[in-house]
> 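Quick one: the structure is below, questions incoming.
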Amino acid sequence: MGEVSSGSFQRVWNVVAVIPAGCVVSYGQVAELAGLNGGARRVGGALAKAPDRGSLPWHRIIKADGKIAMPVGSAGRQEQIRRLEYEGVVVVNGRVDMQKFQWQPDMDELIWGPLGFPGTPEDSDL
DNA sequence: AACGTGACGAGGA
DNA sequence: ATCCTCGCCACGT
C-alpha cells in the first residue's frame, strides 16, 4: 500500500496533491498545511525533488504576492504558466490575482480530502 | 560538525 | 512598483 511517510518532503507532496485545479496557493500556505511553519522555502525544495512531477500539481504553488517563483525564461516557468492557463488560471505578466484564484481550504477538505468521504451524504440543502 | 544554499516572506528604503 | 536585507531551517557538501 502507498503508505504515507512522515518525511517533511512527503508531507509537502501530500498537501500539494489535494490542491484543486483552477486554484493557486502560496509556498507559505503549503508549508503551514504540511506542518512546516516558517518553512516556505522548504516547499520549493520539496517540489524540485518530487519523484512524480508529471502528476503532482506543483504548478499551483506560487509566491504569496501572486508572482511565479521560477526564474524568468526557465523552461519550468513556462511549463507552470502553461499548466495554470490550461486550468483557467489567468496569468498576467507572470502574476496571478490571488484575490480570485487563491485556494481557501475548508475543514471538510482538510479532514476528508477533496473528493469527500465515501458514503458521506452531501447536505446541499441548507 | 560547520557552512552554504534555496521554486519564500515580510518589511524597509 | 522595484530592490535590498534579514529571518527562516532542513538538506547536501
Side-chain angles (χ1 to χ4, degrees):
Chain A
M1 295 286 283
E3 206 41 58
V4 277
S5 164
S6 55
S8 59
F9 281 7
Q10 181 65 57
R11 296 178 63 177
V12 168
W13 300 332
N14 291 339
V15 170
V16 173
V18 303
I19 301 170
C23 298
V24 294
V25 294
S26 71
Y27 289 86
Q29 202 177 346
V30 173
E32 286 185 45
L33 293 173
L36 301 174
N37 278 66
R41 307 188 74 167
R42 251 66 59 223
V43 174
L47 295 181
K49 295 179 180 176
D52 57 346
R53 278 189 282 163
S55 57
L56 191 73
W58 55 270
H59 57 283
R60 296 174 190 148
I61 317 302
I62 63 179
K63 292 194 181 187
D65 61 6
K67 292 179 181 175
I68 301 294
M70 304 195 79
V72 176
S74 67
R77 184 190 180 86
Q78 289 188 19
E79 173 66 10
Q80 179 166 25
I81 293 175
R82 192 181 71 78
R83 288 203 196 188
L84 287 173
E85 294 183 325
Y86 182 80
E87 295 181 352
V89 176
V90 179
V91 183
V92 179
N93 210 2
R95 206 163 50 195
V96 173
D97 185 339
M98 297 301 273
Q99 294 296 320
K100 291 183 181 176
F101 300 102
Q102 184 171 38
W103 180 46
Q104 294 153 18
D106 29 53
M107 291 312 289
D108 286 347
E109 288 175 301
L110 290 178
I111 297 173
W112 305 114
L115 300 180
F117 190 80
T120 299
E122 289 199 23
D123 44 329
S124 55
D125 181 64
L126 194 244

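Below, read A as the first sequence line, B as the second, and so on, with proteins coming before strands; counting in each chain starts at 1.
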> Measure the spacing between SG of A:C23 and NZ of A:K100 and express it to the nearest 0.5 Å.
14.0 Å

> Using atom NZ of A:K63 as one end and atom C1' of B:dA7 as the other, report the distance to the nearest whole Å.
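Taking atom C1' of B:dA7 as the reference, NZ of A:K63 is at 8 Å.
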
> What I'd like to find out is whether the side chain of A:M98 reaches to under 4.5 Å of the side chain of A:W103, using heavy atoms alone.
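No, every pair of side-chain atoms sits at 4.5 Å or beyond.
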
> Atom CE of A:M98 and atom P of B:dC8: how far apart are they, to the nearest Å?
13 Å

> Tell me the interatomic distance from A:M70, atom CE, to B:dG6, atom P, rounded to whole angstroms.
13 Å

> Would you classify A:A48 as touching base, sugar-phosphate or nothing, given that sugar-phosphate means primed atoms plus P, OP1 and OP2, and contacts are heavy atoms under 4.0 Å?
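Base, at least one base atom sits under 4.0 Å.
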
> Using modelled atom types only, decide if a donor and an acceptor are shared between the side chain of A:D52 and the backbone of A:G54 within a distance under 3.5 Å.
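Judged by distance alone, no pair lies under 3.5 Å.
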
> For A:R95, enumerate each residue passing the side chain to side chain contact (heavy atoms under 4.5 Å, CB included) test, keeping only those at least two apart in sequence or located in another chain.
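Counting only residues at least two positions away or on another chain, A:R95 forms a side chain to side chain contact (heavy atoms under 4.5 Å, CB included) with A:K67.
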
> Summarise how protein sits on nucleotides 6-13 of chain C as a single string, 5' to 3': B when a protein heavy atom is under 4.0 Å from the base, S for sugar-phosphate-only contact, - for no contact.
-BBBSSS-

> For the backbone of A:G38 and the side chain of A:R42, can you confirm whether one donor and one acceptor N or O come within less than 3.5 Å of each other?
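Side chain of A:R42 to backbone of A:G38: a pair is present.
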
> Which part of the nucleic acid, if any, lies within reach of A:S26 when heavy atoms closer than 4.0 Å are counted: base, sugar-phosphate only, or nothing?
sugar-phosphate

> Rounding to an integer number of Å, can you tell me how far A:D65 CG sits from B:dA10 P?
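Value for this atom pair: 9 Å.
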
> Under 4.0 Å: is that the gap between some side-chain N or O of A:K67 and OP1 or OP2 of C:dT2?
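A:K67 to C:dT2 OP1/OP2: side-chain N or O found under 4.0 Å.
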
> Without decimals, in angstroms, what is the distance between A:I68 CD1 and B:dC8 P?
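Those two atoms, CD1 and P, are 12 Å apart.
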
> Is the shortest side-chain heavy-atom distance between A:V89 and A:R60 below 4.5 Å?
no

